[in-house]
Amino acid sequence: MNQWKPICRVEDIPVLGARRVLRRHGEAVAVFRNADDQVFALLDRCPHKGGPLSQGIVFGTSVACPLHNWTIGLNDGCAKAPDEGCTPRFAVKVDAGQVFLDQHELDTVAVDHAKATA
């Protein structure tokens, strides 16, 4: 059973942008909003060199890493061909304009990822 943690309101996330959610352990989570007001969450780390995806450009259901322009799918966290690799994805729920993340995932997913340098 999911325990949902309130994060922010949808309008608190810039359109075609992201907001960072700091965690007690592990790297931050990036919460993205696209032009259709869909909300997605990924570890704020590109699978290539660890670039901050929250600083990337959102288009459709993808984000371009600001360091090397890799395209990462917001639905699955995976790089688009010809690039390879994935970043962890987090479950998101939007209810009455409020964005929630799963507390268990925040506490356990990718908490052992070492911070990379680009």
Specify the closest pair of heavy atoms between Asp102 and His104, including all atoms of both residues, with the distance to one decimal.
-> OD1-N, 2.8 Å
Residues 7-15, side-chain donor-acceptor partners within the protein, below 3.5 Å, at least two apart:
residue	atom	partner	partner atom	Å
Arg9	NE	Glu11	OE2	3.1
Arg9	NH1	Ala96	O	3.3
Arg9	NH2	Ala96	O	3.2
Asp12	OD2	Arg9	N	3.0

Answer yes or no: does atom NZ of Lys5 have more than 12 heavy-atom neighbours from other residues, nucleotides or ligands under 6.0 Å?
-> no
Looking at Val109 and Pro88, what are the two nearest heavy atoms and their distance?
-> CG1-CB, 3.8 Å
Got a donor-acceptor contact below 3.5 angstrom from the Arg23 side chain to the Glu27 backbone?
-> yes
Heavy-atom closest pair, residues Leu43 and Leu53 = O-CD1, 3.8 Å
Donor-acceptor pair, side chain of Asp44 and main chain of Ala28, under 3.5 angstrom | no
Give the minimum heavy-atom separation between Asn34 and Phe40, together with the two atoms involved.
-> ND2-CE1, 3.7 Å
Which donor-acceptor pairs under 3.5 Å do the side chains of residues 70-84 make with protein atoms, sequence neighbours left out?
residue	atom	partner	partner atom	Å
Asp76	OD1	Cys78	N	3.0

Given the rule in the side-chain contact (heavy atoms from CB on, under 4.5 Å) test, do Ile57 and Val63 qualify, once you have shown the distances and angles that lead to the verdict?
-> CA-CA 5 Å; Ile57 296 171; Val63 62; 5.9 Å; no
Using the test side chain to side chain contact (heavy atoms under 4.5 Å, CB included), find all partners of Asp107 that sit at least two apart in sequence or belong to another chain.
-> Gln103
If you group Ile, Leu, Val, Met, Phe, Trp and Tyr by side-chain heavy-atom gaps below 4.5 Å, do Val21 and Val39 land in one group?
-> yes
To the nearest 0.5 Å, what is the distance between CG (Leu106) and CH2 (Trp4)?
-> 9.5 Å
Between Ala41 and Val29 the two heavy atoms that sit nearest each other are CB-CG1, 4.0 Å
Under the 3.5 angstrom rule, does the side chain of Ser54 hit a backbone N or O of Ala18 as a donor-acceptor pair?
-> no
Same cluster or not: are Val31 and Phe100 linked, directly or through other Ile, Leu, Val, Met, Phe, Trp or Tyr residues, by side-chain heavy atoms under 4.5 angstrom apart?
-> no
